[in-house]
Amino acid sequence: MVEAPSPSPSPLSWAPLIRASASRGLFLHALSLFARMRAVSGASAARAALPSVLKSCAALRLAKLGESLHGFVLRSGWASDLYTANALMNMYAKVQISNVYGEKSIAQMPKSSFFYLGTRKLGLCESPFESSCELSGDSSISTSLRSVRKVFDEMPERDVVSWNTLIAGCAENGMYGEALDMMRDMGEIGLKPDSFTLSSVLPIFAEFVDVSKGAEIHGFAVRQAFDSDVFVGSSLIDMYAKCTRIEYSRRVFDLLPDPDPISWNSIIAGSVQNGMVDEGLRLFRRMLTLDIKPMPVTFSSVTPACAYLTTLHLGKQLHGFIIRGDFDSNVFVASSLVDMYAKCGSISIARCIFDRMHSPDMVSWTAMIMGYALHGPAEEALALFQMMETENERPNCVAFVAVLTACSHAGLVDEARKYFNSMCNDYGIAPRLEHYAAVADVLGRAGKLDEAYEFISDIHVSPTASVWSTLLRACRVHKNIALAEKVAKQIFEIEPKDMGSHVLMSNIYSAAGRWNEAANLRTAMKSKGMKKQPACSWIEVKNKVHAFVAHDKSHPWYNKIIEALGVLLEQMEREGYVPDTGDVLQDIEEEQKRYVLCGHSERLAIAFGIISTPPGTAIRVTKNLRVCVDCHTVTKFISKIVAREIVVRDVSRFHHFKDGICSCGDYW
DNA sequence: ATAGGGTTAG
């Protein structure tokens, strides 16, 4: 990277050399050249090279060197130079400093590291740079920004670049109001916002999910013909995607004359995040066929699609790509892999990847803890949480969602209370609905229904239907009809068309033999025009996904599947299986109910898995609803009869069936 | 010469 020093160039030819290095990304080389130049020529020769030198400093995040260069600029009286001042602003926007310049006079800064560099062996940074790096905490971010502002304020003249640098600095530091005010201010003094300005402010509307303001910017971009700029285009795509207007994102993308890898990533990430995972995968494949090189971010955007679909074979293919591209050390990529393997049922592979990460961040820890929470071994989840705390990683609110979910899935009442209190008191995190829901769930499931009711009633923000419905489910388990009715009333007020709760309540009535009320509820559902989401299960066999809905005869193997189920049913009945028809909502004869149960989609998927794979192969099925009680029992029997491990992922967790036992301990 | 866009956990 660093070329052998050539004979000293004449004073005038240093600057172009330095500029060339910086523009090729050889920042360290640019700094070395600058140091050599300082050693052999006077200060005035440095002037033309300063913007590139400051840029290199910014790129390498060398705060102390940047400050001492600032001192050099002030002492030389070049602070009024437009390009130099712009570069200074940018430098402060990129590095982290601990004091605003001026508080400790920058002009008096020691002629430190970069003069020292000149006498060192030219080459890679050892001490001068490492010791000059400031690795301070969050509080210094706004400190740096105040220095950006100060340079800006003291400039004798400013151009669009000066304004854009300040606006971008504000936007990146969450000072959204200021950024937008400044965009208006620059317009008022006659400087028109350009494509740089727009791509800096558009993420603000993405963050605030303000599509109307974002669309105003889009209109302006179209009128000024900035909409073919890839930077503006990518932030427009992202803005619309974050505002759940993925169709607009797509239009912007399709109109981009020359999308770059980041534009591709914006549309792929947007599609996946909006649930259009197939489209996201299609776009990813198209990107590969167009020979556009994927980047680490591309993989962290696509991998969640496999996690969502439970398509382990696709996920493994992506993992292969990632390893071949040498992206697996990227934290974002590794975290998405941990999550993907956990959600595809391979918790042990997830753990391997997690253990090999050099510096897992909060997202990585949380993905792993959530993985255990979903699979059942709550001890592992709690142990990891504790390990994380001892490593001085500060859990955030999502990490607590994960650990509370682990408690709730394992019925650990005391631990749930402990973590909830620790979150509020030790970490000062305001509990959100997800936290209340997890604690209410575990209380309710433990039979402490009244305590759960009080707990939810105490929530200061208004609880959503989903928080109450955890309690409704507990009421069903503990057969408390009075409380169930009270809870259902609350739910139907908030969410009159909540399907799951109607079904649950109707089941509660049916189970108690109160057929009239159950029937009334069903009539009400019909009159509200509610349609039950069809239950669907799918399974991967030989890298192909087979999907089943209840009583779906469309699968080519349907007859074989029913035949196999019949054989299994006979064996089960010999071993003492009695159908539990409590979950069958319809008011029909018992014999018909049994028939309904037999058609449940996960049974079709499991039976298909058994007859289409060699004996002993584990079977992995995913279902879009919760497993019903009877299917859970049946699957336990089947796992024993055919001596197979059966892994079922339903909407809330994984069930690992083996030898007639399920990892959830029949608690879900 | 100096400035800009996209990513992972719920």
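Worth knowing before you read on, the calculation uses all heavy atoms, side chains too, and leaves out hydrogens, waters and symmetry mates. Throughout, protein chains are lettered first and strands after them, A, B, ... in sequence-line order, and every chain is numbered starting at 1.
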With no hydrogens and no angle check, just 3.5 Å: does a side-chain donor-acceptor pair link [X] and [Y]?
X: A/Thr310; Y: A/Arg649; result: yes
X: A/Asn86; Y: A/Ser162; result: yes
X: A/Asp650; Y: A/Asn624; result: no

Does any residue of [range] have a heavy atom under 4.0 Å from DNA chain B, and if so, which ones, in number order?
range: residues 239-252 of chain A; result: A/Lys242
range: residues 315-334 of chain A; result: A/Val331, A/Phe332
range: residues 264-274 of chain A; result: A/Asn265, A/Ser266, A/Ala269, A/Gln273

Have a look at [X] and say if it touches a base, only the backbone sugar-phosphate, or nothing, with a 4.0 Å heavy-atom cut-off.
X: A/Met368; answer: nothing
X: A/Val160; answer: nothing
X: A/Thr405; answer: nothing
X: A/Val398; answer: base
X: A/Ser195; answer: base

Cationic tip of A/Arg158 above A/Phe152 ring, under 6.0 Å, 45° of axis:
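Yes; both conditions hold, so A/Arg158 lies above the ring face of A/Phe152.
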List the atom pairs, donor and acceptor, that lie under 3.5 Å between side-chain atoms in residues 322-331 of chain A and the rest of the protein, sequence neighbours left out.
from: A/Asn330; atom 1: OD1; to: A/Phe332; atom 2: N; distance (Å): 2.7
from: A/Asn330; atom 1: OD1; to: A/Val333; atom 2: N; distance (Å): 3.1

Quick one: side chains of residues 234-245 of chain A, donor-acceptor pairs under 3.5 Å with protein atoms, not counting sequence neighbours, listed by atom name and distance.
from: A/Ser234; atom 1: OG; to: A/Val230; atom 2: O; distance (Å): 2.7
from: A/Ser234; atom 1: OG; to: A/Ser263; atom 2: OG; distance (Å): 3.3
from: A/Ser235; atom 1: OG; to: A/Phe231; atom 2: O; distance (Å): 2.8
from: A/Ser235; atom 1: OG; to: A/Val232; atom 2: O; distance (Å): 3.3
from: A/Asp238; atom 1: OD1; to: A/Lys242; atom 2: NZ; distance (Å): 2.9
from: A/Asp238; atom 1: OD2; to: A/Lys242; atom 2: NZ; distance (Å): 3.0
from: A/Tyr240; atom 1: OH; to: A/His218; atom 2: ND1; distance (Å): 2.7

Taking only residues two or more places apart in sequence or in another chain, which ones pass side chain to side chain donor-acceptor pair (under 3.5 Å) with A/Ser364?
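Listed in chain order: A/Ser335, A/Asp361.
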List the residues meeting salt bridge (Lys or Arg N to Asp or Glu O under 4.0 Å) with A/Glu154, not counting sequence neighbours, and say none if there are none.
A/Lys150
Could you tell me which residues satisfy ring-ring contact (aromatic ring centres under 6.0 Å, His included) with [X], sequence neighbours excluded, listed by chain and number?
X: A/Phe321; answer: none
X: A/Tyr419; answer: A/Phe385
X: A/His435; answer: none

Please output the side-chain donor-acceptor pairs of residues 344-353 of chain A that fall under 3.5 Å, not counting sequence neighbours, one pair per line with the distance.
from: A/Arg351; atom 1: NE; to: A/Asp355; atom 2: OD1; distance (Å): 3.0
from: A/Arg351; atom 1: NE; to: A/Asp355; atom 2: OD2; distance (Å): 3.3
from: A/Arg351; atom 1: NH1; to: A/Tyr372; atom 2: OH; distance (Å): 3.0

Considering all heavy atoms, the nearest A/His409-A/Ser652 contact
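Minimum heavy-atom separation between A/His409 and A/Ser652: CE1-O, 3.2 Å.
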What range of DNA chain B does chain A touch, first nucleotide to last, counting atoms under 4.0 Å from its heavy atoms?
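Footprint of chain A along DNA chain B, 5' to 3': B/dA1 to B/dG10.
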